[in-house]
Amino acid sequence: MSALANELGAINLSQGFPDYDCSPHLVELVNQAMKKGHNQYAPMAGVMALREQLAYKTERLYGASYNPDTEITITAGGTQAVFTAISAVIHPNDEVIIFEPAFDCYAPAIKLMGGVVKSLELEPPNYRIDWNMVKKLITNRTKMIILNSPHNPTATILHKEDIDQLSALIKNQDIYILSDEVYEHLIYDGEQHHSMALYPELRERSFIIASFGKLCHTTGWKVGYCLAPAALTHEFRKIHQFLVFSVNTPVQYGIAEYLKDEQVYLGLPEFFQQKRDHFRNGLEQTRFKLLPCYGSYFQSVTYDNITDEKDADFAIRLAKEFGVATIPTSAFYNRGTDYHVLRFCFAKKQETLDNAVDRLLKV
Ligand SMILES: Cc1ncc(COP(=O)(O)O)c(C=O)c1O
């Protein structure tokens with residue numbers, strides 16, 4: 001859809017990336033790191049100053065202590081961390097439970113390792129996980145469950161009840177968790193992010209994945225990280241060493257310095273909630289129906305009172321005829337399940353969101 005948006009000159013609310021710049025101060029810090037000569041390979045696990053910052057942040061926010069030496073690894077973005085965690089523990093015929101709609105990189109990585117994807121399809125408007133259904137999917141070959149909260153594309157979050165049910169379900173089972181928490185700070189209305197780091201019995205079996213692309217508004221830098229207990233990190237790094245070896249050095253130094261200001265991440269909910277509210281207010285004037293948005297920078301809508309077209313067809317027509325590009329949510333279901341839901345990204349300048357709403361008012 002981004003390619004189509006570019007071709008048509010449409011307003012691109014499809015792919016998830018900001019259309020405003022990151023902090024000039026961060027750019028300056030990376031610049032300084034380059035000028036100081038931090039231009040050669042970083043250590044395999046990542047620059048220590050950055051790992052220490054992450055240890056501090058995780059302790060402060062979730063009361064969990066991760067050893068920067070043995071339990072934190074800097075990666076070339078969240079996607080690489082997801083791939084590496086999956087390839088570290090999934091072997092042929094291992095089963096992995098995922099919830100659809102799902103971010104697109106989970107299933108291919110599982111299949112590449114010879115694993116079997118067991119997906120549970122969630123339904124709008126609430127996309128809640130039915131843990132009884134999860135229980136039915138668990139077999140003696142289940143090796144991993146992949147969670148993503150706040151969730152792309154549905155903007156839902158895990159609640160304490162979900163955590164309780166998950167904990168009860170996998171107690172005494174050899175099941176790992178891959179917790180994709182790249183939107184951990186994009187959570188609204190005072191809700192708490194239920195990181196796996198908060199729960200010792202879950203933390204001990206979890207790979208927690210995050211991305212500085214989301215945290216610093218720098219999706220093009222492709223730097224992220226993985227938190228995992230020492231034994232899991234040991235396996236993770238066996239793959240990381242030969243897949244990536246070393247991640248961009250000056251960017252790591254720059255981010256390490258930048259994160260010393262806690263407002264960088266503590267201020268994100270307010271920053272994005274303002275965008276969410278502004279965009280939702282605008283969309284409320286249109287004929288689209290809003291789905292809830294608890295977290296992430298995505299807003300989904302249904303359009304049943306506008307047309308009965310398939311979501312993919314309607315998304316293309318919206319881009320071509322009305323000049324607004326979105327993502328059809330069926331793209332996130334392996335079977336292409338279509339609930340007539342479109343996803344907008346609101347990590348955009350206010351004027352971009354206003355212009356998009358002006359166009360959507362004509363639909
Ligand atoms: C849910 C989810 N996980 C992982 C990623 C990947 O993050 P990165 O861009 O750092 O590879 C994204 C990016 O959009 C995402 O939405």
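Note that the numbering runs from 1 along the sequence shown for the chain. Keep in mind that the numbers below use all heavy atoms, side chains included, and drop hydrogens, waters and symmetry copies. None of the values given here were measured: they were computed from a predicted structure.
- Val89 and Val116 sit in two unconnected hydrophobic clusters of ILVMFWY residues. Membership requires side-chain heavy atoms under 4.5 Å apart, directly or through other members.
- Aromatic ring centroids of Tyr188 and Phe272 lie 6.0 Å or more apart.
- Counting heavy atoms from C-beta on, the side chains of Pro153 and Pro101 come closer than 4.5 Å.
- With hydrogens and angles disregarded, a donor-acceptor distance shorter than 3.5 Å links the side chain of His151 to the backbone of Thr154.
- Met196 is not listed as a side-chain neighbour of Phe207, based on a closest heavy-atom distance of 4.5 Å or more.
- Each side-chain hydrogen bond (donor to acceptor under 3.5 Å, both in side chains) pair with one or both residues in residues 98-117, not counting sequence neighbours, appears once here: Tyr106-Asp180.
- Between Phe288 and Thr302 there is no side-chain heavy-atom pair separated by less than 4.5 Å.
- No donor-acceptor distance shorter than 3.5 angstrom exists from the side chain of Asn126 to the backbone of Arg128, with no hydrogens or angles considered.
- A donor-acceptor pair under 3.5 Å links the side-chain atoms of Gln273 to the main chain of Asp189, judged by distance alone.
- Formation of a donor-acceptor pair under 3.5 Å by the Thr249 side chain with backbone atoms of Asn39 is not found in this model.
- Annotation: side chain of Leu361 is in contact with side chain of Gln285 (closest heavy-atom distance under 4.5 Å).
- The backbone N or O of Ile90 sits nowhere less than 3.5 Å from a side-chain atom of Asp94 that would complete a donor-acceptor pair.
- For the side-chain contact (heavy atoms from CB on, under 4.5 Å) criterion with Gln299, the lone passing option out of Leu13, Leu290, Leu353 is Leu290.
- Taking a cutoff of 4.0 Å between a charged side-chain nitrogen and a carboxylate oxygen, Lys289 and Glu284 do not qualify as a salt bridge.
- Residues satisfying the ring pair (Phe, Tyr, Trp, His ring centres under 6.0 Å) test with Phe212, not counting sequence neighbours, are Tyr225.
- In terms of the salt bridge (Lys or Arg N to Asp or Glu O under 4.0 Å) criterion, residue partners of Glu257 (sequence neighbours excluded) are, by chain and number, Lys260.
- Of the N and O atoms on the side chains of Ser195 and Glu184, not one donor lies less than 3.5 Å from an acceptor on the other residue.
- Among the candidates Arg237, His240, Arg51, the single residue satisfying the side-chain hydrogen bond (donor to acceptor under 3.5 Å, both in side chains) test with Thr73 is Arg237.
- Qualifying ring pair (Phe, Tyr, Trp, His ring centres under 6.0 Å) partners for Phe279, counting only residues two or more places apart in sequence or in other chains: Phe344.
- Listed by chain and residue number, Glu181 satisfy the side chain to side chain donor-acceptor pair (under 3.5 Å) test with Ser179 (two or more places apart in sequence, or in another chain).
- With Thr75 contributing its side chain and Gly224 its backbone, the two residues share a donor-acceptor pair below 3.5 Å.
- Tyr253 is linked by a side chain to side chain donor-acceptor pair (under 3.5 Å) to nothing, counting only residues two or more places apart in sequence or in another chain.
- Sequence neighbours left out, the pairs with a member in residues 315-327 that pass side-chain hydrogen bond (donor to acceptor under 3.5 Å, both in side chains) are Glu309-Arg317, Arg317-Glu321.
- For Arg280, there are no salt bridge (Lys or Arg N to Asp or Glu O under 4.0 Å) partners, not counting sequence neighbours.
- Side chains of His340 and Asp311: no donor on one and acceptor on the other come within 3.5 Å.
- Formation of a donor-acceptor pair under 3.5 Å by the Lys348 side chain with backbone atoms of Lys275 is not found in this model.
- For Glu28 and Lys35, the salt-bridge test fails: no basic side-chain N is under 4.0 Å from an acidic carboxylate O.
- A search for ring pair (Phe, Tyr, Trp, His ring centres under 6.0 Å) contacts involving Tyr294 returns nothing, not counting sequence neighbours.
- Of the possible polar contacts, one joining the Gln252 side chain to the Val247 backbone as a donor-acceptor pair under 3.5 Å is found.
- In the model, Tyr199 has a side-chain atom that pairs as donor or acceptor with a side-chain atom of His194 under 3.5 Å.
- Side-chain N or O atoms of Thr218 include none that pairs as donor or acceptor with a backbone N or O of Gly220 at under 3.5 Å.
- Under 3.5 Å, the side chains of Asp19 and Thr352 contain a donor-acceptor pair of N or O atoms.
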**Asked** So Glu71 and Thr233, side chain to side chain donor-acceptor pair (under 3.5 Å) or not? Walk me through it.
**Response** CA-CA 6 Å; Glu71 300 184 312; Thr233 294; over 6 Å; no
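- A donor-acceptor pair under 3.5 Å is absent between the side-chain atoms of Asp304 and the main chain of Ile306, judged by distance alone.
- Judged as a side chain to side chain donor-acceptor pair (under 3.5 Å), and not counting sequence neighbours, the contacts of Tyr20 are His217.
- Here the CD1 atom belonging to Ile157 is positioned 6.0 Å from the OG atom belonging to Ser149, to the nearest 0.5 angstrom.
- In terms of the side chain to side chain donor-acceptor pair (under 3.5 Å) criterion, residue partners of Lys160 (sequence neighbours excluded) are, by chain and number, Asp164.
- The other residues sharing a hydrophobic cluster with Ile327 are Met1, Leu4, Leu8, Ile316, Phe332, where clustering joins ILVMFWY side chains under 4.5 Å apart.
- With ring centers used as reference points, Tyr127 lies 6.0 Å or more from Phe99.
- Leu268 and Ile187 fall into different hydrophobic clusters, where Ile, Leu, Val, Met, Phe, Trp and Tyr are joined by side-chain heavy atoms under 4.5 Å apart, directly or via other members.
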**Asked** Is there a ring pair (Phe, Tyr, Trp, His ring centres under 6.0 Å) between Phe245 and Tyr41 once you walk through the steps?
**Response** CA-CA 9 Å; Phe245 171 53; Tyr41 292 129; 5.5 Å; yes
**Message:** Could you walk me through whether His278 and Asp354 satisfy the side chain to side chain donor-acceptor pair (under 3.5 Å) test, starting with their C-alpha distance in whole Å, then the side-chain angles of each, then the deciding distance to 0.1 Å, before giving a yes or no?
**Reply:** CA-CA 9 Å; His278 186 77; Asp354 289 345; 2.6 Å; yes
**Residues Lys143, Asp174; criterion salt bridge (charged side-chain N to carboxylate O under 4.0 Å, His left out); working and verdict** = CA-CA 7 Å; Lys143 195 72 171 284; Asp174 260 344; over 6 Å; no
**Verdict with supporting geometry, Val117 and Val96, side chain to side chain contact (heavy atoms under 4.5 Å, CB included)** = CA-CA 5 Å; Val117 179; Val96 181; 6.0 Å; no
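- To the nearest 0.5 angstrom, Leu178 atom CG is 10.0 Å from Ile208 atom CD1.
- With hydrogens and angles left out, the side-chain atoms of Trp221 and Asn248 include no donor and acceptor closer than 3.5 Å.
- With values rounded to the nearest 0.5 angstrom, Gln173 atom CD is found 13.5 Å from Tyr176 atom OH.
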